Engineer: 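Let me begin by handing over the structure; questions about it come next.
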Amino acid sequence: MERLRETGNEGLGKGMAAGLRLAAAPLKPAVLAEVPRTMPSGYAPVLSRSLQFRTTVRAFKHVARATWRVYGDGRRERRDVPALNRGVLKHPTFGRRNQWVAQSVRRGFVDRPADRLAPAVRREMNVVIDKVAEKILKG
């Protein structure tokens, strides 16, 4: 237990968090590449510019959790990224700001790349965790 505390004071937690964030880094370009394939040509550049990505890493006693969020800020409010991912694009009809319609778009612009890259990201995260465990055991 003493060795664990001493090793923890060497910044391993920060190193692990940085490594887990780095492992999730390929998700961002993959999602951005998917936007033009799924959204209408007039909306794809607008959505791509507004998308933001956040990786949150939390470590507990026996569990490390990395959460990856995708969101986008519009002019007045947040874009409904979950609805877009489900295949629903809500927008005002031409020239009428108070009349909105729901347009069907290809679903899964976040899910498809995330599912495709999940095994590689998971492997890379396991490598990071194994390196930290090895440093703890070596002391």
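Values in this document were obtained by computation on a predicted structure and should not be read as measured data.
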Engineer: Measure the spacing between CZ of Arg107 and CZ of Arg86 and express it to the nearest 0.5 Å.
Structural biologist: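 Between atom CZ of Arg107 and atom CZ of Arg86 there are 9.0 Å.
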Engineer: Please report the interatomic distance CG(Leu117) to CD(Glu124), rounded to the nearest 0.5 Å.
Structural biologist: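 It is 12.5 Å, given to the nearest 0.5 Å.
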Engineer: Roughly how far apart are Ser50 OG and Tyr43 OH, rounded to 0.5 Å?
Structural biologist: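 Atom-to-atom, Ser50:OG and Tyr43:OH are 6.0 Å apart.
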Engineer: Is there a side-chain contact between Leu84 and Met39, using heavy atoms and a 4.5 Å cut-off?
Structural biologist: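 A side-chain contact exists here, since the closest heavy-atom pair is under 4.5 Å.
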Engineer: Could you grab the distance from atom OG1 of Thr56 to atom CH2 of Trp68, nearest 0.5 Å is fine?
Structural biologist: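 Taking OG1 in Thr56 and CH2 in Trp68, the distance rounds to 12.0 Å.
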Engineer: Are side-chain heavy atoms of Pro113 and Leu27 found at a separation under 4.5 Å?
Structural biologist: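 Result no, sub-4.5 Å side-chain heavy-atom pair not found.
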Engineer: Which atom names give the shortest non-hydrogen contact between Ala44 and Val35, and what distance separates them?
Structural biologist: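 Closest approach of Ala44 to Val35, heavy atoms only: O-CG1, 3.6 Å.
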Engineer: Within the structure provided, determine whether Thr38 and Arg112 are in side-chain contact (heavy-atom separation under 4.5 Å).
Structural biologist: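 They are in side-chain contact.
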Engineer: Sorted by first residue and then second, give each salt bridge (charged side-chain N to carboxylate O under 4.0 Å, His left out) pair with at least one member in residues 70-81; sequence neighbours left out.
Structural biologist: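 Sorted pair list: Asp73-Arg78, Asp80-Lys90.
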Engineer: Who are the salt bridge (Lys or Arg N to Asp or Glu O under 4.0 Å) partners of Lys28, not counting sequence neighbours?
Structural biologist: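 Applying salt bridge (Lys or Arg N to Asp or Glu O under 4.0 Å) to Lys28 gives none.
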Engineer: When rounded to the nearest 0.5 angstrom, what is the spacing between CZ in Phe53 and CG in Leu32?
Structural biologist: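 Taking CZ in Phe53 and CG in Leu32, the distance rounds to 4.0 Å.
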Engineer: Evaluate the side-chain proximity of Tyr71 to Leu51: yes if any heavy-atom separation is below 4.5 Å, no if none is.
Structural biologist: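 Leu51 vs Tyr71: side chains apart.
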Engineer: If every non-hydrogen atom of Ala102 is compared with every non-hydrogen atom of Val88, which pair is closest and at what distance?
Structural biologist: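 Result for this residue pair: CB-CG1, 3.9 Å.
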Engineer: Working note: Val128 + Met16, criterion side-chain contact (heavy atoms from CB on, under 4.5 Å); need CA distance, chi angles, decisive distance, verdict.
Structural biologist: CA-CA 6 Å; Val128 169; Met16 183 174 73; 4.1 Å; yes
Engineer: Looking only at heavy atoms, which two atoms of Ala23 and Pro26 are closest? And how far apart?
Structural biologist: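 Looking at all heavy atoms of both residues, the closest pair is O-CD, 3.2 Å.
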Engineer: What are the two closest heavy atoms between Pro40 and Val105, and how far apart are they?
Structural biologist: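 Scanning both residues, the minimum pair turns out to be CD-CG1, 3.8 Å.
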Engineer: For Arg21, look at atom CZ and say whether over 12 heavy atoms of other residues, nucleotides or ligands are found less than 6.0 Å away.
Structural biologist: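 Check passes, neighbour count above 12.
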Engineer: Please indicate whether Arg116 has more than 12 foreign heavy atoms, meaning atoms of other residues, nucleotides or ligands, lying under 6.0 Å from its CZ.
Structural biologist: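 Yes, because the 6.0 Å sphere around CZ of Arg116 holds more than 12 heavy atoms from other groups.
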Engineer: Can you tell me how far CE of Met125 sits from CG of Leu20, rounded to the nearest 0.5 angstrom?
Structural biologist: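 Going from the CG atom of Leu20 to the CE atom of Met125 covers 5.5 Å.
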Engineer: Are any of the side-chain heavy atoms of Val110 and Asn85 separated by less than 4.5 Å?
Structural biologist: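 Yes, their side chains come closer than 4.5 Å.
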Engineer: Applying salt bridge (Lys or Arg N to Asp or Glu O under 4.0 Å), can you list everything that pairs with Arg37, at least two apart in sequence or on another chain?
Structural biologist: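 Salt bridge (Lys or Arg N to Asp or Glu O under 4.0 Å) check on Arg37 returns Glu34.
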